[in-house]
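Just below is one structure, and these are the notes that go with it.
Scope of the values below: all heavy atoms of this structure, side chains included, with no hydrogens, waters or symmetry mates. Atoms within each ligand, like the ligands themselves, are counted from 1 in listed order.
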Amino acid sequence: MCGIVGYVGEEQATPILLEGLEKLEYRGYDSAGVAIYDGKKLEVAKAKGRLKILKDMLHGGSDLKGTIGIGHTRWATHGKPSDINSHPQTSVSGKFAVVHNGIIENYLSLKQYLMRRGVAFVSETDTEVVAQLLEYYYKGDILEAIIRVISKVEGSYALGIICEDSPNELYAVRKDSPLIVGLGQGENFIASDIPAILNKTRDICRLNDNEIVVLTRSGITVYNTDKEEISKEPEHINWDISAAEKGGYEHFMAKEIMEQPKAVRDTISPRIKDGRIVLDDITLTPEQIKEFRRIFIVACGSAYHVGVVAKYILEKMTHIPVEVDVASEFRYRDPIIDEKVLVLVISQSGETADTLAALREAKRRGARVLSIVNVVGSSIANESDDVIYTWAGPEIAVATTKAYSTQLAVAYLIAIYMAEALGTITPEEYQEYIQELETLPDKIEKILENKQDIQYFASRNFNAKDIFFIGRNLDYAMSMEGSLKLKEISYIHSDAYAAGELKHGTISLVEDGTLVVALATQQKLFDKMMSNVREVKARGALVLGLTVEENKQIEQEVDFVFYVPKTCDIMLPSLAVIPLQLFAYYVASMKGCDIDKPRNLAKSVTVE
Ligand code: AGP
């Protein structure tokens, strides 16, 4: 998964590209590079490592002169991170330079085809095949060459292309990888994501698959693969520039944790009118809802953890059986699906390759697909029968927080909406659920006001080597997210366990000083959880308890307690997740970890 920026205008391109790439580093940071037309030829500068290395090499961009160029930050898929495997990749004569996000799945056969015809390759990347093919097919018409290339390559791509023979035109094309066009005055841009160009223009248009855009200083032209011009509706982006910056916080993750009350409020409030849930975004009718015999929930990582919570919610409210799968497993287990199945797809980026592939498999088998997505116009959103957007705003930190919370909020909306249509909840329950839902943002706010308590506990335990998260029912679902949050940003090994399952083996790992986070928010299982707490305490564990405010008796059982405000049991995950996020954040912060860009991870995994 990588970041792409392109510029054509009157200003020096390199500083603009470097600034845009800085905003995209969350998409990948194994290496970075730029290609600029300097008035005579294409000049390429690229280097392994963080963008700063390239910036220092170019003295901030002053070394490379020219007013048209492309840039790239890489998350390696084919070919290890290295200077030569960095993008831009060029054709053998240097005439074409290409930046790419995605995977060319048939690159090896294409590479062999070209090598048999004498083309010399220098890198291990799939992307170089695109640059070489462009030169191979180029007979003077770049658009024609691009169309021929994309007819040959299989897989996913967002491509930025410049050619020495056409120094005033920047080309771009996409399939299954995100790419937007920025519209300026006397200048135009391409980028993988909006934050890269937000300080230059708020007007964009989104490319669809297999649309080729030609950018010049005076404007853009979009073509289909028949070389017919396509008109595109521009879109004005209202995000504050601060929304894509850190806003005074040390990390994007801290900012995004604190944004959750607003993000959840922004996501639910427009969908509750006069005490009723209004889902204008979807075409699903009550009659269609009544047809569903089963629901599958498919996602990856934290989005999958939302799905695990949503299973409990949907089954309790709608009485429809629900299965939850990680997307990479779903698509290969031959799921039993037909038109009476609803598949709920959850994704922040809307570009996760495993999730997108699972969505396509579900549709191929006849399912109705409803997705919960944060990025408007993303591939998963575009390919779903219905999409309900979370309005969390841009989420930059690799570890998701506000997107998780808003996905959960949408899951509640859907469950209540469906349950009313099915008549499986009474009108009184319908109103109670909606009223509770509307209190969540303020209750999240209240938890955040006490974040220093979690910070204190984290400061005493950030050197832990193994941490167990245990819970029952919805608390078990929450323990998964607590464990992942901690692992992915603090690099501390952690496990989530059904509390009742611990005694069947894993408790052998509990010894003096082992840290156990016991989630005990579910009232009906509180006593059972206290038994599990005693089990681990008896083996020397240090226990952080997490429960609702009135359960003061927990203080007799654990070493430290964090309380969350009361709400109905089924909505407690929206509150319990906040201290878990804070705990992970403070532990990682005290360990000095790279919180927004954890090692080995990328914000959106657009490769399988
Ligand atoms: C969560 O903190 C991780 N960054 C990761 O598990 C993420 O949730 C997963 O890759 C799914 O991403 P998506 O929501 O963009 O599809």
Side-chain donor/acceptor of Gln522 to backbone N/O of Asp569, under 3.5 Å: yes
Looking only at protein heavy atoms, which one is nearest to atom 10 (O) of ligand 1, and how far off is it? Val605 CG2, 4.3 Å
Looking only at distances, can you tell me whether any N or O atom of Thr352, backbone or side chain, sits closer than 3.5 Å to an N or O atom of ligand 1? yes
For the NZ atom on Lys175, are there more than 12 heavy atoms of other groups (residues, nucleotides or ligands in this structure) within a distance under 6.0 Å? yes
Would you say Ala399 contacts ligand 1, with heavy atoms under 4.0 Å as the rule? yes
So is Arg265 actually on top of Trp391's ring, under 6.0 Å and inside 45° of the axis? no
One pair to check against salt bridge (Lys or Arg N to Asp or Glu O under 4.0 Å): Arg333 and Glu361. What are the steps and the verdict? CA-CA 11 Å; Arg333 74 174 179 86; Glu361 180 64 18; over 6 Å; no
Apply the test salt bridge (Lys or Arg N to Asp or Glu O under 4.0 Å) to residues Glu395 and Lys603: give CA-CA distance (whole Å), side-chain angles for both, the deciding distance (0.1 Å), then the verdict. CA-CA 9 Å; Glu395 185 176 71; Lys603 180 58 185 172; 2.7 Å; yes
Which residue and non-hydrogen atom of the protein lie closest to atom 15 (O) of ligand 1, and at what distance in Å? Ser349 OG, 2.7 Å
Regarding Lys487 and Asp495, does a basic nitrogen lie under 4.0 Å from an acidic carboxylate oxygen? no
Nearest-option assignment for atom 9 (C) of ligand 1, heavy atoms, candidates Cys300, Ala397, Ala403: Cys300
Please report whether ligand 1 has a polar contact with Thr400, defined as an N or O pair separated by less than 3.5 Å (distance criterion only). yes
Lys316 atom NZ: more than 12 heavy-atom contacts under 6.0 Å: no
Answer yes or no on whether Arg368 is positioned over the face of Phe292, meaning its NZ or CZ is under 6.0 Å from the six-membered ring centre and within 45° of the axis. no
What atoms of ligand 1 come closer than 4.0 angstrom to any heavy atom of Gln348? 13 (P), 14 (O), 15 (O), 16 (O)
Proximal atoms of ligand 1 relative to Val398 (non-hydrogen, under 4.0 Å): 2 (O), 3 (C), 4 (N)
Side chain, backbone, both or neither: Ser604 near ligand 1, heavy atoms under 4.0 Å: neither
What is the closest protein heavy atom to atom 2 (O) of ligand 1, and at what distance does it sit? Glu488 OE2, 2.4 Å
For atom 7 (C) of ligand 1, what's the nearest protein heavy atom and its distance? Ser302 N, 4.1 Å
Quick check: closest heavy atoms across Thr73 and Leu24, and the distance to 0.1 Å? OG1-O, 3.7 Å
Can a non-hydrogen atom of Lys485 be found less than 4.0 Å from any atom of ligand 1? yes
Looking only at distance, does Thr355 have an N or O less than 3.5 Å from an N or O of ligand 1? no
